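Since this is a predicted model, take the numbers as computed values, not measurements.
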Amino acid sequence: MANFSKPTVPQFSVDVYQNEFLPEGGRDVSAIVTVTSTGGGTTGGFAVGGAAGVVIMVDCSGSMDYPATKMRGAREATAAAVDTLRDGTHFAVVAGTHVAKEVYPGNGGLAVADARTRAEAKEALRRLSAGGGTAIGTWLRLADRLLSSTALTIRHGILLTDGRNEHESPEELRAALDACAGRFTCDARGVGTDWEVKEVTGIASALLGTADIVADPAGLAADFTAMMEHAMGKGVADVALRLWTPVGVEIMFVKQVAPAVEDLTGRRTEAGPRAGDYPTGSWGSESRDYHVSVRVPQAAVGQEMLAARVSLIAPDPMGGDPRPLSQGLVRAVWTDDLAMSTSINPQVAHYTGQAELADAIQQGLDARKSGDRDGATAKLGRAVQLAAASGNADTAKLLSKVVDVVDAATGTVRLKAKVAEADEMTLETRSTKTVRVKR
């Protein structure tokens with residue numbers, strides 16, 4: 001069993017990278033906002049911390065027995081995750097088929113991790129068997145009920161599936177995701193190659209978690225352990241990026257761009273006059289980058305204005321109003337100096353390219369699946385070019401398993417005649433992962 005101490009309350013900082021200079025008549029302002037949380041310190045007087053809860057949802061549908069290594073791997077992985085639970089963490093295990101069933105503790109609530117409950121949970125896991133269909137929305141709704149049964153600060157789910165969500169409609173799954181969004185975060189994993197990438201990545205996106213493929217069931221235990229270690233490191237939940245803009249400023253988009261691309265624009269909730277909150281989920285000691293783009297009113301040379309104020313907001317455990325943990329400012333300054341106004345900030349340029357890289361991969365793979373070889377070649381070639389230019393070696397390696405690279409610098413590629421299904425799914429699943437800009 002891993003021995004984790006309780007995570008310390010993180011200290012947050014916000015750094016803004018931008019070229020604030022605009023030409024006369026210029027209106028579009030972009031900035032990269034780097035948010036960093038480090039262990040220890042204070043968060044503006046908040047007593048953040050408290051109880052954490054995790055629900056592990058294990059696919060037990062009939063297909064998990066083909067091959068039998070999947071069900072065996074799932075049992076071993078879940079046992080490894082249980083072993084990684086920090087003492088005092090509230091937890092439960094759910095078996096998912098066309099219905100959701102509590103495996104442990106089985107009383108409509110959560111157990112508290114200690115040597116006894118971990119042993120009991122692992123004994124219950126030995127009785128897991130495969131049979132039935134797949135209705136992931138029911139798993140998520142049960143996880144939500146279990147996590148709501150106790151007063152928790154951190155609420156997290158881990159979901160494993162090996163197949164498509166065939167026993168409920170896409171609308172039913174979307175309704176479940178909408179109901180659970182903001183109530184808990186969730187990491188999702190697909191094992192084998194018979195699941196639908198967009199379903200699994202869509203679950204993780206909606207619930208502000210990570211998604212990945214574990215093509216070989218033998219890798220599940222290591223992956224589940226790493227996921228649980230990451231969850232155990234969270235110290236502050238329900239953090240929001242609050243964007244305040246002056247009168248006349250239009251928000252174009254707000255995106256997370258590292259460690260993965262995630263468009264948050266449509267998730268805004270109003271937070272007072274000219275302010276809105278964008279959810280970022282739970283935080284431990286880590287750093288993430290966000291791309292904020294706004295359109296300001298026209299102004300004359302020599303004028304300057306505050307284009308936006310970006311704050312990190314966390315709920316007050318005592319029930320008071322949320323207060324900012326840290327903040328940064330986005331500025332606009334009009335100049336007639338051509339060199340100053342046309343310079344592109346390197347951080348903004350880098351992450352604009354990373355977002356284009358993710359789009360190019362998705363569009364290229366979609367074109368390949370539809371039989372559009374020319375379109376697939378063009379898009380995947382552009383992806384190879386962007387990956388090489390930005391130093392995204394991991395993505396470049398994944399792309400090389402789908403295309404033969406003739407010249408990375410120009411994006412000249414040939415589609416491979418045969419591509420292993422696991423390689424294509426890995427590229428699609430990890431297409432939004434980015435490399436940090438070198439500062």
Side-chain angles (χ1 to χ4, degrees), residues 1-8 10 37 39 49-60 70 72-96 102-105 110-126 128 139-140 142-144 146-147 150 152-162 180 184-191 200 203-204 207-214 216-237 259-260 281-286:
M1 184 196 74
N3 183 21
F4 293 100
S5 59
K6 191 170 183 176
T8 55
S37 65
V54 182
V55 174
I56 306 171
M57 294 160 273
V58 184
D59 191 337
C60 292
K70 282 196 289 191
R72 184 165 64 249
R75 284 193 294 263
E76 292 172 354
T78 306
V82 168
D83 269 341
T84 311
L85 288 163
R86 187 177 61 245
D87 279 353
T89 302
H90 298 251
F91 76 102
V93 180
V94 167
E102 297 176 44
V103 174
Y104 184 82
L110 303 171
V112 178
D114 58 24
R116 177 184 61 81
T117 57
R118 278 188 288 264
E120 289 176 353
K122 288 187 288 183
E123 179 62 33
L125 288 171
R126 294 193 181 100
L128 282 184
W139 314 355
L140 294 168
L142 177 55
D144 184 32
L146 293 171
L147 289 167
T150 304
L152 300 170
T153 301
I154 305 290
R155 302 169 304 280
H156 191 71
I158 290 176
L159 184 148
L160 173 72
T161 184
D162 83 318
C180 295
F184 66 95
T185 56
C186 184
D187 294 322
R189 295 294 185 267
V191 60
V200 171
I203 291 165
L207 301 181
L208 299 174
T210 63
D212 208 349
I213 179 175
V214 185
D216 184 350
L220 278 173
D223 188 78
F224 266 46
T225 299
M227 273 194 293
M228 190 63 81
E229 287 175 347
H230 186 67
M232 291 297 96
K234 300 298 185 182
V236 116
S282 301
W283 287 72
S285 291
E286 57 190 295

S.K.: If you look at every heavy atom in A52 and T89, which pair is closest and at what distance?
M.R.: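 So the minimum-distance heavy-atom pair works out to O-CG2, 3.5 Å.
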S.K.: Return the minimal non-hydrogen interatomic distance between V112 and T117, and the atom names on each side.
M.R.: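 For V112 versus T117, the nearest heavy atoms are O-OG1, 2.8 Å.
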S.K.: Does R155 reach the side chain of H90, with side-chain heavy atoms less than 4.5 Å apart?
M.R.: no
S.K.: List the steps, then state whether side chain to side chain contact (heavy atoms under 4.5 Å, CB included) holds for D83 with M228.
M.R.: CA-CA 9 Å; D83 269 341; M228 190 63 81; over 6 Å; no
S.K.: Taking all atoms of both residues into account, what is the closest heavy-atom pair of Y104 and A121, and its distance?
M.R.: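 Minimum heavy-atom separation between Y104 and A121: CD2-CB, 3.6 Å.
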S.K.: Could you work out, with salt bridge (Lys or Arg N to Asp or Glu O under 4.0 Å) as the rule, every residue matching D187, not counting sequence neighbours?
M.R.: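 Result, salt bridge (Lys or Arg N to Asp or Glu O under 4.0 Å) vs D187: none returned.
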S.K.: So which heavy atom on V214 is nearest to which on G219, and how close?
M.R.: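 Looking at all heavy atoms of both residues, the closest pair is CG1-C, 3.7 Å.
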S.K.: Of all residues at least two apart in sequence or in a different chain, which pass the salt bridge (Lys or Arg N to Asp or Glu O under 4.0 Å) check with E123?
M.R.: R126
S.K.: CG/L208 to CZ/F184 distance, rounded to the nearest 0.5 angstrom?
M.R.: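 Rounded to the nearest 0.5 Å, the CG-CZ separation comes out at 11.0 Å.
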S.K.: Pick one: which of T78, V94, L128, V58 meets side chain to side chain contact (heavy atoms under 4.5 Å, CB included) with V103?
M.R.: L128
S.K.: Could you grab the distance from atom CD of E229 to atom CG of L85, nearest 0.5 Å is fine?
M.R.: 11.5 Å
S.K.: Would you call D59 and K70 a salt bridge, using N to O less than 4.0 angstrom?
M.R.: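 Looking at K70 together with D59, the answer is no, because their closest N to O distance does not fall below 4.0 Å.
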S.K.: Rounded to the nearest 0.5 Å, how far does CE of M227 lie from CG of L160?
M.R.: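 Between atom CG of L160 and atom CE of M227 there are 7.5 Å.
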S.K.: Drop me the distance from R118's CZ to T84's OG1, to the nearest 0.5 angstrom.
M.R.: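 Reported value, rounded in 0.5 Å steps: 9.0 Å.
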S.K.: Taking all non-hydrogen atoms of both residues into account, name the closest pair between P105 and A111 and its distance.
M.R.: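 Closest pair (atom of P105, atom of A111, distance): CG-N, 3.6 Å.
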S.K.: Look up atom CZ in R75 and atom CG in L220, then write down how far apart they are to the nearest 0.5 Å.
M.R.: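 So the CZ of R75 and the CG of L220 are separated by 12.0 Å.
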S.K.: On a heavy-atom basis, which atom in I203 and which in A188 lie closest, and how many Å separate them?
M.R.: CG2-CB, 4.3 Å
S.K.: Which one of L207, I56, L140 satisfies the side chain to side chain contact (heavy atoms under 4.5 Å, CB included) criterion with L159?
M.R.: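 Result: among L207, I56, L140, L140 is the only option passing the side chain to side chain contact (heavy atoms under 4.5 Å, CB included) with L159.
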S.K.: Do C186 and M57 come within less than 4.5 Å of each other through their side chains, counting heavy atoms only?
M.R.: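 Yes, side chains in contact.
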S.K.: What's the spacing between I158 CD1 and R189 CZ if we round to 0.5 Å?
M.R.: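 These two atoms lie 8.0 Å from each other.
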S.K.: With a 3.5 Å distance limit and no angle check, can you tell me whether T185 reaches the backbone of H156 through a side-chain donor-acceptor pair?
M.R.: no
